[in-house]
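Everything numeric in this text was worked out from a predicted model, so none of it was measured.
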Amino acid sequence: MSGGGLLVAGTTSDAGKSVVTAGICRWLVRQGVKVAPFKAQNMSLNSFVTREGAEIGRAQAMQAQACRIEPTALMNPVLLKPGGEQSSQVVLMGRPVGELSARGYHGGRQQKLLGTVLDCLAELRGTYDAVICEGAGSPAEINLRRTDIVNMGIARNAGLPVLVVGDIDRGGVFASFFGTVALLSPEDQALVAGFLVNKFRGDVGLLEPGLDMLHGLTGRRTYGVLPFRHGLGIDEEDGLRVSLRGTVRESNTAPPVGEDVLRVAVCAVPLMSNFTDVDALAAEPGVVVRFVDRPEELADADLVVIPGTRGTVRALEWLRERGLADALRRRAAEQRPILGVCGGFQILGEHIEDEVESRRGHVEGLGVLPVRVRFAREKTLTRPVGEALGERVEGYEIHHGVASVEGGEAFISDDEGHSLDGCRVGQTWGTHWHGSLESDGFRRAFLREVAAAAGRRFVPAGDTSFAALREEQLDRLGDLIEQHADTDALWRLIESGAPQGLPFIPPGAPA
């Protein structure tokens, strides 16, 4: 027998689908429900590697954590990783299968993946009591409805009730709710059970007349009004976010342990991937993280981070165009701390041979680290463990670039001292490992080295646990659902599907 299900759709991208899905998952698991997340198709540069070596969206990994289960490729069978304005790498069941233009993908390939997507969802529903699915963008993207496999396409095929989330903070939420339903076909409308208002500020009593009118116009109720809360966008897909920084800065009121703060500048390179790597830095009391795109913004930074990117060569050109490349070279020569992660590590090297990503062949790097990079067609996807600065460190690798280290010191080693990854020269470090700074002991040791090199009287807190902060944040999402949504009605949707007899709202989808 299949478990229950729900599709969380949104009036727009960034309406809050990911965090609402995570909140529902955490609320359910606290009620003793065996629950899993699912997103048929995800477009994101923020990805994660599962224990079986599959690449999925970080949002689904976060939602799996909300469910207190291990993430798997079943939870995000299709991942699109943009490589520019017109094309994306297609990752199917955790493995890259090629590059496609948007026209090529929506022109036929997408619909062929529907069987795989439905099989994954069916397997999850056969294993769990409930599966909470997340849509993408808006279900009313009528130009894409014919090939849709992530919004109403999956809802129709799997018989899922649909809850539409709207961000009232950006305005126009009533028109967005009504218009979303009115642009769907009668068959799709029959599955749209109602609405959830997100990011509301003020007195809910003032909103209720509008909700009553919306119910009268659409025949659909509102299942909750979630208040605005800063910093709940953990592991988001849309836009540039430092997902944990806001929350930790608000929830951790302790002053810096030492006399000084530590300033971290993150180069906002094009096609930035896994910018969540810096969340663990922002979790430390007294660490201030900001994104920068001008060389003068590096002047007062105690640490500069060059993050991962889906376009290493393009990011390198961007650094040169903006004068940041010269500023980074000067900084390295002055022995001022720099950390390069994945693509950022590759950029710091001597040269790159790329016939895979940019297909630009030989490209000179910044020449700060004695590293040569060759892009392989096979992508490295691993969850390694090692030791750095005398501390255990865990991470995950997602890259085509293969680094040949020709000198310097090993950054991360095994327990016998043999190099596993990365390179260090003076106060410049580079590693392919994402997520390494989430290892608390290593992070503290690294920050102590940075503070000493920067001449700052900064002391990392001895009790900051990134994992505990993440759990606290997921519990806050569960609290939002439990306290501000009609959870009895939500459970009826999950268990029994959309109410019968929901009215059709004209004009419906064009023929």
Side-chain angles (χ1 to χ4, degrees), residues 231 240-269 272 274-308 324 327-328 330-341 344-345 348 368 388-391 393 395 411 422 424-431 433-470:
L240 184 63
R241 301 284 190 270
V242 187
S243 59
L244 247 177
R245 178 176 56 180
T247 299
V248 174
R249 300 253 66 81
E250 291 171 6
S251 62
N252 194 330
T253 57
V257 176
E259 297 179 43
D260 290 339
V261 298
L262 208 63
R263 296 172 176 85
V264 178
V266 184
C267 296
V269 297
M272 189 187 308
N274 290 71
F275 51 82
T276 48
D277 283 332
V278 300
D279 285 351
L281 294 177
E284 288 285 347
V287 175
V288 179
V289 177
R290 68 182 189 274
F291 286 91
V292 303
D293 60 5
R294 295 177 298 179
E296 57 268 27
E297 293 177 296
L298 304 187
D300 67 344
D302 302 306
L303 170 67
V304 173
V305 177
I306 311 174
L324 284 160
L328 287 165
R330 287 194 301 271
R331 184 180 183 89
E334 294 166 0
Q335 296 295 305
R336 301 180 65 199
I338 300 171
L339 172 65
V341 180
F345 171 38
L348 290 169
V368 174
L389 303 180
E391 299 285 348
V393 57
F411 188 9
R424 175 183 181 178
V425 173
Q427 296 302 322
T428 300
W429 294 267
T431 176
W433 292 19
H434 294 290
S436 62
L437 293 165
E438 295 179 20
S439 299
D440 297 326
F442 166 68
R443 181 180 66 253
R444 287 192 279 268
F446 177 70
L447 289 176
R448 280 193 291 269
E449 292 235 0
V450 168
R456 296 287 186 188
R457 290 170 294 183
F458 168 85
V459 178
D463 59 352
T464 300
S465 167
F466 185 80
L469 288 166
R470 173 53 59 88

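Within the 4.5 Å cutoff, no side-chain heavy atoms of Asp277 are placed close to those of Pro307. The shortest distance between side-chain heavy atoms of Thr428 and Leu328 does not fall below 4.5 Å. Within the 4.5 Å cutoff, side-chain heavy atoms of Leu262 are placed close to those of Leu447.
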Side chain to side chain contact (heavy atoms under 4.5 Å, CB included) between Phe275 and Val266: does it pass, once the steps are laid out? CA-CA 9 Å; Phe275 51 82; Val266 184; over 6 Å; no
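Shown here are the salt bridge (Lys or Arg N to Asp or Glu O under 4.0 Å) partners of Arg444, two or more places apart in sequence or in another chain: there are none. Applying the salt bridge (Lys or Arg N to Asp or Glu O under 4.0 Å) test to Arg424 and every residue at least two apart in sequence or in another chain returns Glu449. Contacts of Arg294 classified as salt bridge (Lys or Arg N to Asp or Glu O under 4.0 Å), with partners at least two apart in sequence or in another chain: Glu296, Glu297. Not counting sequence neighbours, the partners of Arg456 by the side-chain hydrogen bond (donor to acceptor under 3.5 Å, both in side chains) test are Asp302. Glu259 is linked by a salt bridge (Lys or Arg N to Asp or Glu O under 4.0 Å) to Arg457, counting only residues two or more places apart in sequence or in another chain.
Formation of a donor-acceptor pair under 3.5 Å by the Asp440 side chain with backbone atoms of Phe466 is found in this model. With hydrogens and angles ignored, the 3.5 Å screen pairs a side-chain donor or acceptor of Ser465 with a backbone N or O of Ala468.
Shown are Val278, Leu303, Val288; of these, the side-chain contact (heavy atoms from CB on, under 4.5 Å) with Val264 is made only by Leu303.
Contact record, Val393 with Ser439: CA-OG, 3.6 Å, taken as the closest heavy-atom pair. Across every non-hydrogen atom of Val261 and Phe458, the tightest pair is C-CD1, 4.3 Å. For the pair Val304 and Cys267, the tightest heavy-atom approach, listed with the atom from each and the gap, is CG1-SG, 3.9 Å. Closest of all the heavy-atom pairs between Met272 and Phe291 is SD-CE2, 3.6 Å. The nearest pair of heavy atoms linking Leu469 to Ala283 is CD1-CB, 3.8 Å. Heavy atoms only, all atoms of each residue included: Asp300 and Arg290 are closest at OD1-NH2, 2.7 Å.
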May I have the list of side-chain donor-acceptor pairs in residues 332-341 shorter than 3.5 Å, sequence neighbours left out?
residue, atom, partner, partner atom, Å
Gln335, OE1, Gln427, N, 3.4
Arg336, NH2, Ala299, O, 2.9
Arg336, NH2, Ala301, O, 3.2

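Rounding to the nearest 0.5 Å places CG of Leu389 at 6.0 Å from CZ of Phe411. Interatomic distance, Glu438 CD to Asp279 CG, rounded to the nearest 0.5 Å: 7.5 Å.
Ring geometry, Phe446 versus Trp429: the interplanar angle exceeds 60°, so the pair is classed perpendicular (tilted spans 30 to 60°).
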